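To start, the structure itself, in structure tokens.
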Amino acid sequence: MPEGHVIHRAAIKHNKAFSGKKLSVSSPQGRFSKGAKLLNKKTCLKVEAYGKHLFYTFEKDYHLHIHLGLFGRIRSHKAPPKDPRGQVRIRLFDTSTVVDVNGPTICELQDPTDFNKTIQKIGPDLLRKDADPQIFIDRVKKSKRSIAALLMDQSIIAGIGNIFRAEILWRNRINPNQRGSDLTKDDLLELWRDGQQLLDKALRTGKIITNDAAASRKKSEQLNIYKKKQCPRCSTQIQSFEIANRTCYLCETCQTTDC
DNA sequence: GCCGAATGCCCAA
DNA sequence: TGGGCCTTCGGCG
């Protein structure tokens, strides 16, 4: 269930637990047995995230590349290893921590060349401090696609998923169908900053909370528009439709940029 | 127990 | 642009 913050949280946690440690690696489900055998008993040097991609760098230039896709999950628990829950594609553990990954779209070993190719395809990542919003703006300006499609394109801007897309557009009163290149540079910078702030908060808390109101303690009040029936600002019925293969949400009263 | 949906992405046409 | 794929979970009977 991964937007960018989930992956970055895992990277930070696993890096702390595993960097410099020799790991046991297996594939309880079996579909990554070969790779697991190659990694088993090797030392993990670091764990890091680029957008929604998670990388474990091992000695001898082995890069374990994981992408959760829509259904993937990462779980961890204290050693000793428990019985695998569900289809555990890969399990990594040392004497204190066990990490299980279920249902990833990608679980593969990469050499340095492949690794570099992969990270070069990823656009500026809202959760990386060195990310350059100008790259995002330039790419949007060059495209004819809707802003909702562009925000989901990880080569344009990395880290946003369907929940953040809906929430960021609503917060900034932008119609999802609006062509990205018709937005001003300031609009785009504002979208960037808002996304950055929301993802940062999600990284720190582990929760997606996009409603600033004080009352957002209840789970049902933490989001504004994603899967909602009514707009919390003006009570207009929320519309939903597909953009870029995913359900998109719109309050036509609040999100009034022309399109 | 079955069915559909789900915080994603790739590839063939 | 549409279908396929990875797996889990909740709602419905």
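Keep in mind that what you see is a predicted model, and the values were worked out from it rather than measured. In what follows, chains are A, B, ... by sequence order, proteins preceding strands, each numbered from 1.
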Contacts to DNA chain C from residues 84-93 of chain A, heavy-atom cutoff under 4.0 Å, which residues?
-> A:R85, A:G86, A:Q87, A:R89
Of residues 155-162 of chain A, the positions that come close to DNA chain B - non-hydrogen atoms, cut-off under 4.0 Å =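 A:G161, A:N162 - these, ordered by number, are the residues of the stretch whose heavy atoms sit under 4.0 Å from the strand.
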Which pairs of donor and acceptor atoms, one on a side chain in residues 53-63 of chain A, lie under 3.5 Å apart (sequence neighbours left out)?
| from | atom 1 | to | atom 2 | distance (Å) |
| --- | --- | --- | --- | --- |
| A:H53 | ND1 | A:H65 | NE2 | 2.8 |
| A:Y56 | OH | A:H14 | ND1 | 2.7 |
| A:E59 | OE2 | A:T43 | N | 2.7 |

Identify the pairs formed between an N or O of the protein and an N or O of nucleotides 10-13 of chain B at a distance under 3.5 Å, and give each distance.
none

A:H67 side chain N/O closer than 4.0 Å to the phosphate oxygens (OP1, OP2) of B:dC9?
-> yes
Using only side-chain N and O atoms of A:Q154, determine if any of them is under 4.0 Å from OP1 or OP2 of B:dC9.
->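 Yes, such a contact exists.
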Name all residues meeting the salt bridge (charged side-chain N to carboxylate O under 4.0 Å, His left out) criterion together with A:R246; count only those two or more places apart in sequence or in a different chain, and write none if there are none.
-> none
Measure the distance from [atom1] on [X] to [atom2] on [N] and round it to the nearest whole Å.
| X | N | atom1 | atom2 | answer |
| --- | --- | --- | --- | --- |
| A:L151 | B:dG8 | CG | C1' | 15 Å |
| A:I208 | B:dA6 | CD1 | P | 15 Å |
| A:H65 | B:dC9 | NE2 | C1' | 11 Å |
| A:D153 | B:dC9 | CG | P | 9 Å |

With sequence neighbours excluded, tell me which residues meet side-chain contact (heavy atoms from CB on, under 4.5 Å) with [X].
| X | value |
| --- | --- |
| A:D186 | A:T184 |
| A:A149 | A:R145, A:S146, A:I243, A:A244 |
| A:K227 | A:Y249 |
| A:P28 | A:S26, A:P84, A:V88, A:R91 |

On a whole-Å scale, what distance lies between the P atoms belonging to C:dT8 and B:dC10?
->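 These two P atoms come out 22 Å apart once rounded.
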Write down the distance separating the P atoms in C:dC6 and B:dG1, rounded off to the nearest Å.
-> 24 Å
Between A:H5 and A:K201, does a side chain to side chain contact (heavy atoms under 4.5 Å, CB included) hold up when you go through it step by step?
-> CA-CA 9 Å; A:H5 66 290; A:K201 198 197 283 181; over 6 Å; no
Under 4.0 angstrom, heavy atoms only, what part of the nucleic acid is A:E242 near: base, sugar-phosphate, or nothing?
->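 The answer is nothing, as A:E242 stays clear of every strand by at least 4.0 Å.
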When all nucleic acid strands are considered with a 4.0 Å heavy-atom cut-off, which category describes A:R165: base, sugar-phosphate, or nothing?
->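 Contact class for A:R165: none.
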Name each donor-acceptor pair under 3.5 Å that joins a side chain in residues 112-119 of chain A to protein atoms two or more places apart or in another chain, with its distance.
| from | atom 1 | to | atom 2 | distance (Å) |
| --- | --- | --- | --- | --- |
| A:N116 | ND2 | A:P112 | O | 3.1 |
| A:T118 | OG1 | A:Q110 | NE2 | 2.9 |
| A:T118 | OG1 | A:D114 | O | 3.0 |

Please tell me if the side chains of [X] and [Y] come closer than 4.5 Å, counting only heavy atoms from C-beta onward.
| X | Y | value |
| --- | --- | --- |
| A:I238 | A:T236 | no |
| A:P80 | A:F93 | no |
| A:E48 | A:N15 | no |

Is there a donor in the side chain of A:Q255 and an acceptor in the side chain of A:N175, or the other way round, less than 3.5 Å apart?
->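 Note: A:Q255 and A:N175 side chains miss the donor-acceptor criterion.
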Sorted by first residue and then second, give each side-chain hydrogen bond (donor to acceptor under 3.5 Å, both in side chains) pair with at least one member in residues 154-163 of chain A; sequence neighbours left out.
-> A:D153-A:S155, A:N162-A:R165
Step by step, work out the side chain to side chain contact (heavy atoms under 4.5 Å, CB included) result for A:F164 and A:L169.
-> CA-CA 8 Å; A:F164 279 118; A:L169 289 172; over 6 Å; no
With a 4.0 Å cut-off (strictly under) to non-hydrogen atoms of chain A, the first and last hit nts on DNA chain C, 5' to 3', are C:dG3 to C:dC9
